[in-house]
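Just so you know, these numbers use all the heavy atoms, side chains as well, and skip hydrogens, waters and symmetry mates.
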Amino acid sequence: TFLNRGVETQVGRDYNRYGNLTEWWFINATGGVFRRKFVDAEFNETFIRNSGYFRITNNFKLNKTTSIDLSGSYNSREVSGFCTQGPQYQVDISLQKRFLNNRLILRVDGLDVFDTQLFLNDCFFQGFNTTVNHKSKTQNLRFWVIYNFSGKNKSNSRVNEVKSEAGRRL
């Protein structure tokens, strides 16, 4: 039998900023804040909570063929109708080098560099609760070898079309 235990409502705001800060530094940052409310089946507000997140990726071009990516993320503690999820944060770093007229790419990624990714969850149900406090193996070192056999640089015709349309409007 299906029972409606309540209604959860979330209202919030996202913000995104991306682009070149200098000719050698590209940034993509996004963040958001949310207000979450849960009303149970008897129309009682059982909680009102605020939460948020922030993610940033920086790409630094050291020269024409070498770049470094530095990324970080943070998710605040989240509460829903029946579960609480603990905060999560992580830092990743990558080094990329291009060879043979950009046909060969070597890349090394360090994921969760500081080994901070935790999974902390508490769930509350009628008659029982569950708690998860788990540390997965999220810290990784990944090696990439990418080779472009065609040697052609593909372009997105849709992007070119949009740029052309924007030029006609100006």
Hphob cluster co-occupancy, I105 + V108, side-chain heavy atoms under 4.5 angstrom
no

Worksheet entry | Atom OH of Y89: over 12 foreign heavy atoms under 6.0 Å | no

*Thinking salt bridges, do E23 and K61 make one under a 4.0 Å N-O criterion?*
no

Q.
Checking the side chain of Q139 only, and the main-chain atoms of V113 only, is there a donor and an acceptor separated by less than 3.5 Å?
A. yes

Test side chain to side chain donor-acceptor pair (under 3.5 Å), reference T66, set R98, Q96, K97, output is K97

Checking D92 against R142 for the salt bridge (charged side-chain N to carboxylate O under 4.0 Å, His left out) test, could you report, in this order, the C-alpha distance in whole Å, the side-chain angles of both residues, the deciding distance, and whether it holds? CA-CA 11 Å; D92 302 327; R142 198 168 36 191; over 6 Å; no

- Message: Run the side-chain contact (heavy atoms from CB on, under 4.5 Å) test on R35 and T9 for me, step by step, so that the C-alpha distance in whole Å, both residues' side-chain angles and the decisive distance to 0.1 Å come before the verdict.
- Response: CA-CA 8 Å; R35 184 168 184 86; T9 306; over 6 Å; no

Between F26 and the options N58, N59, D69, the side-chain contact (heavy atoms from CB on, under 4.5 Å) test singles out N59

* Quick one: are F54 and N75 in side-chain contact, heavy atoms under 4.5 Å? -> no

Rounded to the nearest 0.5 angstrom, the CG-CG distance for L104 and L106 is 4.5 Å

Tightest non-hydrogen contact, residues T116 and D112, listed as N-OD1, 3.0 Å

Output for pair (L95 CG, L62 CG), nearest 0.5 Å, gives 7.5 Å

Exercise for review: Give a yes or no on this: more than 12 heavy atoms of other residues, nucleotides or ligands lie within 6.0 Å of atom OH of Y18.
Suggested key: no

### Message
Using a 6.0 Å cut-off, check whether atom CZ of F60 has over 12 heavy atoms from anything other than its own residue.
### Response
yes

Taken to the nearest 0.5 Å, the spacing of Y53 OH from S76 OG works out to 11.0 Å

Grouping ILVMFWY residues whenever side-chain heavy atoms fall under 4.5 Å, the cluster of F43 otherwise contains V39

All heavy atoms of G86 vs all of N121, minimum pair found to be N-OD1, 4.4 Å

Pair K37 + E8: basic N to acidic O under 4.0 Å
no

Interatomic distance, CZ@R13 vs CZ@F34, rounded to 0.5 Å, equals 10.5 Å

Hey, is the main chain of W24 close enough, under 3.5 Å, to the side chain of N20 for a donor-acceptor pair? no

**OP:** Show the numbers, then the answer: is there a side-chain contact (heavy atoms from CB on, under 4.5 Å) between I93 and I68?
**Re:** CA-CA 7 Å; I93 190 167; I68 295 175; 4.2 Å; yes

In terms of heavy-atom contacts, P87 and Y74 come closest through CB-OH, 3.9 Å

Applying side-chain contact (heavy atoms from CB on, under 4.5 Å) to I27 and I56, what does each step give before you reach the verdict?
CA-CA 7 Å; I27 191 169; I56 187 167; 3.5 Å; yes

**Asked** Counting distance only, does the side-chain N/O of N148 pair as donor-acceptor with the main-chain N or O of S150 below 3.5 Å?
**Response** yes

Rounded to the nearest 0.5 Å, the CD atom of Q10 sits from the OG atom of S51 at a distance of 6.0 Å

query: Just by distance, with hydrogens left out, do S94 and D109 show a side-chain donor and acceptor under 3.5 Å apart?
result: yes

Does R103 reach the main-chain N or O of F149 with its side chain, forming a donor-acceptor pair under 3.5 Å?
yes

Original post:
T138 and L111: side-chain contact (heavy atoms from CB on, under 4.5 Å), yes or no, with the steps?
Top reply: CA-CA 7 Å; T138 56; L111 305 177; over 6 Å; no

What one should report as the nearest heavy-atom pair of F143 and L141 is CZ-CD2, 3.8 Å

